[in-house]
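As the structure is a prediction and not an experimental result, all values here were calculated from the model.
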Amino acid sequence: MCGIVGLMANQAVNQGLYDALTVLQHRGQDAAGMMTWHEGRFLLRKSNGLVRDVFHTRHMARLKGNLGIGHVRYPTAGSSSEAESQPFYVNSPYGITLAHNGNLTNSDQLKQELFSTDLRHINTSSDSEVLLNVFAHELGKQGLYLSPEDVFDAVRRVHRRCKGGYAAVAIINGFGMVAFRDPHGIRPVVYGARQDDGGRQEVMIASESVALDVGGFELHRDLAPGEAIFVDMAGQIHTQQCADAPTLAPCIFEHVYLARPDSILDGAYVYGTRMQMGRKLGDRILRDWPEHDIDVVIPIPDTSRTSALELAQHLGVTFREGFMKNRYIGRTFIMPGQTQRKKSVRQKLNAIDIEFRGKNVLLVDDSIVRGTTCKQIIQMAREAGANKVYFASAAPPVRYPNVYGIDMPAANELIAHGRSEAEVGELIGADRIFYQDLEDLKSACREVNPAMQEFDCSVFDGNYVTGDIDDAYLAALEASRNDSAKQQSAGDHALVGMHNQDDDLDD
């Protein structure tokens, strides 16, 4: 899970990119980067940390130009190395910079092809650098001058070579800005436009529509699966379908947890889909336990609040805020190690005793992944004086790893893997547990936008929509994604010499 943004304007874009990255910060808190284009030169600033910490006044002053891209990152395949922060850059052909959200499932194969056939060198373990080099190689076949059709032809060949879930935005030196989405539309990307004071068009491309909102851009639409958009240097928009057999199957976990509730993804308000999740979950509780003794519904802030409020209203039960959140602690789901996740929960949340004392409490969260957070929260509720503590998940049991760009860990680190719902409830210490049904989750999204018929639900059902995932791949993934592997990888990368992350790229 990362956030990307591209902006072509008739004025300096550094502040517009910064503002967009701040509202995409929820998609990645590990690193941030921005690259602008000015008079044939690329200017770069990227580093580990939050957007507000990476970009200072001196960096912003150097990021000149009316065209640029930005990225917020968290690692999906091991390393938190600063060298793997984005955007990435290659000088041949033309000079291209790219930012990417997602994961290539055939990255190892592509690395071999790039070295042995395309004669291109990969300097990091990031699949984003692989995607950039594949795109650069295919673009180089088009010749010295590029038309929109040339760009689309290159994207078409990228789709034929690359597997997995990906959304990318890039700048081609002297030609314009391009973005494309994988043939299944697994990872989100939208675009929109605004008029400057002189009536000239300016264009933004981003992971979520909230980035457009903060910049005053009108949302045009999502990119269709397999589609590419090219904005030439005159600001004209060109789009074309570039996949051979596109099928919309977006990641449903975007609606469960990843996206902001005020975003619109594939024509569906995330806020609306989460409201429907609360109603569906309420239906299940009433169906399975019509004579429940729940006194109060309390959300685990912040992602579950929308679902929890709708659930409480559906049950006719009081809704209360029982936890206060320290907003200076990052999202525990995306923290790189189990020890850090455990430590952060108590720092992140504090219980309001009066809302728990002597009550039968239903705690609601968006999902249960490792079980680390909810186990501690249940214990906090008991310490605050709760009589009974029930737990509800707005999502089904997470039993399988994600391979398309979300750092769902190895299967054996998922608390629901190989366990029944009752066994999970016992492990986390709940008196009773309720999960969303998968079909109800799909229906919650379809009821907001009926055009969304298929989804990537692989973390819940183990069905990977790209059709290229086998046991050998998952075993290799597990070896690279468990916490010990991440700690080792981070240590290894700390010893590697780093290139300048704040520089002109033509020096």
Worksheet entry | Audit row: F55, V51, side chain to side chain contact (heavy atoms under 4.5 Å, CB included) steps and yes/no | CA-CA 6 Å; F55 301 105; V51 173; 3.9 Å; yes
Worksheet item: Can you find a heavy atom in the side chain of T247 that is under 4.5 Å from one in the side chain of V465?
Response: no
Practice prompt. Carefully, step by step, assess M277 and L441 under the rule side chain to side chain contact (heavy atoms under 4.5 Å, CB included).
Written response: CA-CA 6 Å; M277 290 175 204; L441 177 59; 3.7 Å; yes
Worksheet item: In terms of side-chain geometry, is the basic nitrogen of D293 or R432 positioned less than 4.0 Å from the acidic oxygen of its partner?
Response: no
Item to complete: Please confirm whether the backbone N or O of S125 pairs with a side-chain atom of E84, one donor and one acceptor, at under 3.5 Å?
Response: yes
Item to complete: Using side-chain contact (heavy atoms from CB on, under 4.5 Å) as the criterion, point out the one residue from D456, N103, N101 that pairs with R187.
Response: N101
Worksheet item: Where do F88 and M35 land on the side chain to side chain contact (heavy atoms under 4.5 Å, CB included) test, with the steps shown first?
Response: CA-CA 9 Å; F88 281 109; M35 190 175 287; over 6 Å; no
Worksheet item: How far apart are the closest heavy atoms of G322 and I298, and which atoms are they?
Response: N-CG2, 3.5 Å
Item to complete: Check the pair V369 / I415 against side chain to side chain contact (heavy atoms under 4.5 Å, CB included), numbers first and verdict last.
Response: CA-CA 6 Å; V369 181; I415 192 169; over 6 Å; no
Fill in: Y166 side chain near S128 side chain, heavy-atom distance below 4.5 Å
no
Worksheet item: Does any N or O in the side chain of H255 come within less than 3.5 Å of the main-chain N or O of I252, such that one atom is a donor and the other an acceptor?
Response: no
Worksheet item: Does a donor on one side chain sit under 3.5 Å from an acceptor on the other, for H314 and D283?
Response: yes
Discussion item. Any non-hydrogen side-chain atom of L362 less than 4.5 Å from a side-chain atom of V317?
Written reply: no
Item to complete: For residues F323 and F356, establish whether the separation of their ring centroids is below 6.0 Å.
Response: yes
Practice prompt. Quick one: closest heavy-atom pair of L131 and A168, and the distance?
Written response: CD2-CB, 3.9 Å
Item to complete: Measure the CG-CG distance between L286 and L281 for me, rounded to the nearest 0.5 Å.
Response: 10.0 Å
Fill in: Nearest-0.5 Å distance that lies between atom CD in E82 and atom CG in D30
10.0 Å
Worksheet entry | Distance (rounded to the nearest 0.5 Å) between L104 CG and D127 CG | 4.5 Å
Discussion item. Is it the case that over 12 heavy atoms from other parts of the model lie below 6.0 angstrom from the NZ atom of K442?
Written reply: yes
Worksheet entry | I354 atom CD1, neighbour heavy-atom count above 12 within 6.0 Å | no
Worksheet item: Is a side-chain N or O of R399 found less than 3.5 angstrom from the main chain of A416, in a donor-acceptor match?
Response: yes
Item to complete: Calculate, to the nearest 0.5 Å, the distance between atoms NE2 and OG1 belonging to H26 and T303 respectively.
Response: 9.5 Å
Worksheet item: Below 4.5 Å, heavy atoms only, C-beta onward: do F460 and V398 meet side chain to side chain?
Response: yes
Discussion item. Just checking E321: does its CD atom have more than 12 heavy atoms from other residues, nucleotides or ligands closer to it than 6.0 angstrom?
Written reply: yes
Worksheet item: Hey, is the main chain of R274 close enough, under 3.5 Å, to the side chain of S307 for a donor-acceptor pair?
Response: yes
Item to complete: Report yes or no: does D366 contribute a side-chain atom to a donor-acceptor pair with the main-chain N or O of A394 at less than 3.5 Å?
Response: no
Practice prompt. For residues P396 and Y435, report the shortest heavy-atom separation together with the two atoms involved.
Written response: C-CD2, 3.6 Å
Worksheet item: Do L438 and C457 have side chains that get closer than 4.5 Å, going by heavy atoms?
Response: yes
Worksheet entry | G68 versus M177, closest heavy-atom pair with distance | O-SD, 4.5 Å
Practice prompt. Anything under 30° is parallel, anything over 60° is perpendicular, the rest tilted; go ahead and classify F434 against W289.
Written response: parallel
Worksheet item: Hey, are R284 and D288 close enough for a salt bridge, meaning a charged N less than 4.0 Å from a carboxylate O?
Response: yes
Practice prompt. State, to 0.1 Å, how close P401 and A411 come at their nearest heavy-atom pair, and which atoms those are.
Written response: CG-N, 3.9 Å
Worksheet, complete the sentence: When rounded to the nearest 0.5 Å, the distance separating OG1 of T36 from CZ of R45 is 13.5 Å
Practice prompt. Check whether any side-chain heavy atom of F391 lies under 4.5 Å from a side-chain heavy atom of L363, and answer yes or no.
Written response: yes
Discussion item. Please check: side-chain N/O of D295 versus main-chain N/O of K359, any donor-acceptor pairing under 3.5 Å?
Written reply: no
Worksheet entry | Side chain to side chain, P250 and F455, heavy atoms closer than 4.5 Å | yes
Practice prompt. Look at the side chain of N14 and the backbone N and O of M60, then say whether any donor-acceptor pair between them is shorter than 3.5 Å.
Written response: yes
Worksheet item: Between atom CD1 of I205 and atom CD1 of I69, what is the distance when rounded to the nearest 0.5 Å?
Response: 10.0 Å
Discussion item. Checking the side chain of E423 only, and the main-chain atoms of S420 only, is there a donor and an acceptor separated by less than 3.5 Å?
Written reply: yes
Practice prompt. Look at atom CG of D53 and say whether more than 12 heavy atoms of other residues, nucleotides or ligands are closer to it than 6.0 Å.
Written response: yes
Discussion item. Looking at every non-hydrogen atom in both residues, tell me the closest pair between L219 and S209 and how far apart they are.
Written reply: CD2-CB, 4.1 Å
Worksheet item: Where the side chain of H71 meets the backbone of H100, is there a donor-acceptor pair that is under 3.5 Å apart?
Response: yes
Practice prompt. Answer yes if the side chains of E478 and N412 hold a donor-acceptor pair under 3.5 Å, and no otherwise.
Written response: yes
Response to the item:
So the side chain to side chain donor-acceptor pair (under 3.5 Å) pairs with at least one residue in residues 210-221 (sequence neighbours excluded) are Y191-R221, R221-E227
Worksheet item: Given Y404, which of T466, T105, D182 fulfils the side chain to side chain donor-acceptor pair (under 3.5 Å) condition?
Response: T466
Worksheet entry | Side-chain heavy-atom pair I406, V459 within 4.5 angstrom cut-off | no
Fill in: Ion pair check, E310 and K280, cut-off under 4.0 Å
no
Discussion item. With a 3.5 Å distance limit and no angle check, can you tell me whether S207 reaches the backbone of I4 through a side-chain donor-acceptor pair?
Written reply: yes
Indicate every side-chain donor-acceptor pair of residues 265-272 with a distance under 3.5 Å to a residue at least two apart or in another chain.
{"from": "D266", "atom 1": "OD1", "to": "R181", "atom 2": "NH1", "distance (Å)": "3.0"}
{"from": "D266", "atom 1": "OD1", "to": "R181", "atom 2": "NH2", "distance (Å)": "3.3"}
{"from": "D266", "atom 1": "OD2", "to": "R181", "atom 2": "NH2", "distance (Å)": "3.1"}

